[in-house]
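Values below: every heavy atom of this structure, side chains too, minus hydrogens, waters and symmetry copies. Letters A, B, ... are given to chains in the order of the sequence lines, protein chains preceding strands, and every chain is numbered from 1. Source: prediction; values computed, not measured.
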Amino acid sequence: MFLLDIRYDPEKSKITKWIKTDKGCQPVHEVYYPKIYVGGKPELLPQIASLPGVKDACFDEKSTWLGRSPEKVISAKVESISIYDIASMLEAKGCSLYNIDLDPVRQYLIEYNLFPAAILKGDILDDSQYALDYEVPELVSMELSVIPGRYKGIITMEDPIGRIAFGDCVIEESSEAEMINNLNVEVAHADPDLILTDRGDSFDLPYLHHRAALHDIDLSLGREKDILHEGGGKSYFSYGRILYKPKGYLLAGRLHLDRSSFTFREGGLLGLIDLSRITGIPLQELSRLSPGSAVTALQVNQALRDGVLVPWKRNLAEYWKTAEELLIADRGALVIEPKVGLHENAFEVDFASLFPNIMVNHNISPETVLCTCCPDSQKRVPFTHYNICQQHIGLIPRVLKPLIERRMTYKKRIMSEPERAEEYEMKQNVLKWLLVTSFGYMGFNKARFGRIECHESITAYGREILLRTIELADGMGFEILHGIVDSLWVKGRNPEKLCEIVTKDIGIPLELKGEFRWIVFLPNKSNGVGALNRYYGVMINGKLKVRGIETRRSDTPTLIRNLQEAMLGKLAEAKNASEFYMKIPEVLEVLREYTRKVLDNECALSDLIFKTHVSRGCDEYRQFNNQMAAVKQLKVEGIETLAGQTIHYIITDHKSRNYQKRVIIPELADESTQYDRAKYYEYLLRATESMLLPFGYTEERLDGIMRGRMQRSLCGY
DNA sequence: ATCACCCGGGG
DNA sequence: GTGTACGGGTGAT
């Protein structure tokens with residue numbers, strides 16, 4: 001028996017476990033009241049016990065913060081629906097509140113020692129949560145996609161369905177109502193455990209629901225009526241950028257997974273199941289969360305198991321610092337300015353999971369950095385000299401250590417069990433993302449167990465480690481070409497020896513990441529100094545590594561990407577520096593051919609599309625630019641764009657101040673659409689300059705060369 | 001010159 | 001149910 005999914009209905013305070021057996025998948029219902037904790041006012045126990053919505057209240061002994069001894073608190077079982085009312089009321093009375101905004105499903109799982117995707121024997125767990133080898137039963141999975149019946153113009157929810165593809169069957173009836181009814185029948189008949197979509201949350205499922213509602217049909221994609229949450233998607237701030245998250249369409253008793261979601265893409269189904277088991281987050285929710293949320297879940301789980309309560313609305317102030325201390329502490333990771341230009345026989349060496357390893361090796365956690373129990377600790381953070389606890393191992397290291405080990409084991413198995421390499425690759429890859437985000441979360445002011453001083457301490461150790469590595473490399477006669485955070489590019493002999501020596505010295509594995517036949521570090525276009533993350537090179541296995549230039553950017557039109565890739569393809573044939581220089585005329589020939597195509601109107605409009613995320617709504621733009629013109633055009637077509645959504649446009653007249661003339665939405669373009677040839681030509685030159693600037697080819701010079709080669713056709717541009 | 005706006009990670 | 005900080009590019013004002 002397999003715990004496929006577990007859901008909670010806050011209205012009825014009801015847990016539903018979906019258990020898959022040989023005979024099918026059945027729900028098991030159970031009433032469950034989550035527990036909240038109230039600190040600071042023990043005399044309120046009788047009053048709390050009699051509150052409406054409170055099912056039971058008693059005294060308990062719990063730690064109210066990491067590293068603190070247990071103290072007397074009130075524990076209350078409450079109806080989920082009234083948690084926030086009760087909490088607000090008690091907060092107003094001066095109580096401290098804990099475990100308020102925890103997911104009831106995860107509380108339940110921890111309380112009953114269960115986890116998603118667990119194997120059960122009757123009511124008893126027959127599995128182990130952190131096991132590396134575990135059984136996953138055969139799951140029936142089917143693809144679903146809904147294709148609207150319109151092929152021109154902008155598609156909206158108001159367009160009727162054209163056809164529905166479900167597994168191998170294509171539903172293409174005369175009437176839309178029939179198609180939807182037919183889908184219901186097919187789903188019930190096939191009875192899959194998983195329904196996979198491509199962006200189903202943003203389009204297929206909301207569209208299907210909308211169309212079904214128009215015909216008064218109950219769409220039943222789940223094994224029971226779906227719980228659909230009200231409201232649309234949300235814009236949120238992440239990675240310094242506004243993103244749009246559509247509302248999730250979760251099914252009951254069946255898993256709707258969007259294969260284009262981040263976690264699914266990175267880990268596939270098996271990676272997702274692995275992560276779901278260890279985090280306790282059910283698969284459907286997990287597939288829609290960022291790795292940061294998974295990290296938080298692991299931390300919260302560990303805290304709860306340790307008897308530590310999770311404060312509500314936590315707001316730990318930063319300790320007071322002098323201006324000078326701030327200056328020292330705020331310095332981020334170490335950076336060595338790259339040596340601009342072409343280099344032969346260069347090596348890239350990287351530390352594996354540098355920051356997580358620092359946290360584990362140096363016991364960095366909110367309760368251990370600047371702990372009050374060891375003010376005279378021998379263990380001091382470099383540069384800032386913060387004291388680190390010598391008595392207890394912090395929450396963060398205790399969460400990360402097993403995670404690092406789990407990933408290492410999977411990485412080893414890729415080699416030792418090649419027949420299952422793909423599976424282990426996915427599993428280790430998902431864990432990699434947890435490790436990567438575990439650092440950033442430290443500096444996030446809303447992270448539950450984050451603390452800015454931890455963030456500073458980690459970067460301080462990082463600087464020290466990279467400096468030490470440079471010192472060792474220098475001592476071994478290596479020339480340092482470039483260094484950033486956890487990577488170093490060096491020139492010299494025997495990089496394996498360097499890795500070995502540094503790994504031994506630092507205690508964190510330094511790995512040889514790439515051996516380059518040649519590599520070009522690019523300058524900052526505005527001041528000519530080495531740009532930190534703009535380079536391209538060819539490794540000895542013939543593979544290209546490219547960073548920072550147009551082809552790596554998601555908003556770049558296919559035309560420009562094709563141009564750079566064609567030019568890189570020519571350069572990749574060069575085995576060394578002198579061959580590289582000999583390839584430059586061929587690169588210019590590529591540019592010439594693209595120039596001719598652009599100017600002769602031969603480009604397909606689909607190759608000219610810019611894709612960009614808008615950071616604000618239509619009326620909030622302060623500048624008249626391409627995005628604004630595109631958003632305005634969409635609005636005229638009746639389509640509202642929310643911050644974080646993606647828009648597409650083709651430049652038709654870049655100098656125009658008229659939003660209808662400046663760009664065009666691809667769906668509105670037709671045979672008569674004329675793209676802005678001069679502007680796209682300029683982009684061709686610029687993308688070439690991006691690659692060849694160290695060799696003296698500026699945009700102007702390239703323009704001159706092109707004009708020399710094609711006198712007539714360039715007239716007027 | 002300064003401000004506004006967008007992108008970036010790995011295999 | 002959400003990493004920051006910042007470097008880099010381009011374009012508007």
If you check every side-chain atom of [X], which of [options] has the closest atom?
{"X": "A:Arg534", "options": "C:dG9, B:dG10, B:dC6", "result": "C:dG9"}
{"X": "A:Trp433", "options": "B:dC6, B:dG11, B:dG9", "result": "B:dG9"}
{"X": "A:Tyr683", "options": "C:dG11, C:dG9, B:dG10", "result": "C:dG11"}
{"X": "A:Gln627", "options": "B:dG8, B:dC5, C:dG11", "result": "B:dC5"}
{"X": "A:His613", "options": "B:dC5, C:dG7, B:dC7", "result": "B:dC7"}
{"X": "A:Ser290", "options": "C:dG11, C:dG3, C:dG8", "result": "C:dG3"}
{"X": "A:Glu266", "options": "B:dG10, B:dC5, B:dC7", "result": "B:dG10"}
{"X": "A:Leu532", "options": "C:dT2, C:dG7, C:dA12", "result": "C:dG7"}

TODO: Return the set of residues passing side-chain contact (heavy atoms from CB on, under 4.5 Å) with A:Thr279 (not counting sequence neighbours), or none when no residue passes.
DONE: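 With neighbours one apart ignored, the set is A:Leu275, A:Ile281, A:Leu286, A:Ala294, A:Ala297, A:Leu298.
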
Report the distance from atom [atom1] of [X] to atom [atom2] of [N], rounded to the nearest whole Å.
{"X": "A:Tyr535", "N": "B:dG8", "atom1": "OH", "atom2": "P", "value": "15 Å"}
{"X": "A:His455", "N": "C:dG3", "atom1": "NE2", "atom2": "C1'", "value": "7 Å"}
{"X": "A:Gln645", "N": "B:dC6", "atom1": "CD", "atom2": "C1'", "value": "17 Å"}
{"X": "A:Lys525", "N": "C:dG8", "atom1": "NZ", "atom2": "C1'", "value": "10 Å"}
{"X": "A:Asn524", "N": "B:dC7", "atom1": "CG", "atom2": "P", "value": "20 Å"}
{"X": "A:Leu354", "N": "B:dG10", "atom1": "CG", "atom2": "P", "value": "14 Å"}
{"X": "A:Arg553", "N": "B:dC6", "atom1": "CZ", "atom2": "C1'", "value": "6 Å"}

TODO: Check whether any side-chain heavy atom of A:Tyr675 sits under 4.5 Å from a side-chain heavy atom of A:Val598, and report yes or no.
DONE: yes

Identify whether any heavy atom of [X] sits under 4.0 Å from a base atom; if not, whether one sits that close to sugar-phosphate; answer base, sugar-phosphate or nothing.
{"X": "A:Arg662", "value": "sugar-phosphate"}
{"X": "A:Lys655", "value": "nothing"}
{"X": "A:Lys513", "value": "sugar-phosphate"}
{"X": "A:Phe262", "value": "base"}

Open item on the list: Here's a test of your reading of the structure: between A:Glu699 and A:Arg657, which maps to the more 5' nucleotide of DNA chain C?
Closed with: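 Looking at DNA chain C, the more 5' nearest nucleotide goes with A:Glu699.
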
Open item on the list: Would the base of C:dG11 count as contacting A:Gln623 through its side chain, where contact means a donor and an acceptor less than 3.5 Å apart?
Closed with: yes

Task: salt bridge (Lys or Arg N to Asp or Glu O under 4.0 Å) between A:Arg686 and A:Glu550, intermediate numbers included - done: CA-CA 9 Å; A:Arg686 235 180 238 173; A:Glu550 286 82 347; over 6 Å; no

TODO: Give a yes/no on whether any side-chain N or O of A:Ser438 is located under 4.0 angstrom from OP1 or OP2 of C:dG3.
DONE: no

Open item on the list: In whole Å, measure the gap between the P atoms of B:dG9 and C:dG9 for me.
Closed with: 14 Å

Task: is_close_aromatic(A:Phe262, A:Trp433), centroid dist under 6.0 Å - done: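 Close enough - the centres of the two rings lie under 6.0 Å apart.
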
Task: Qualifying residues under salt bridge (charged side-chain N to carboxylate O under 4.0 Å, His left out), relative to A:Asp258, sequence neighbours excluded - done: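 Residues passing salt bridge (charged side-chain N to carboxylate O under 4.0 Å, His left out) with A:Asp258: none at all.
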
- [ ] Find the distance between CZ (A:Phe351) and CG (A:Asn357) and round it off to the nearest 0.5 Å.
- [x]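 Reported value, rounded in 0.5 Å steps: 10.0 Å.
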
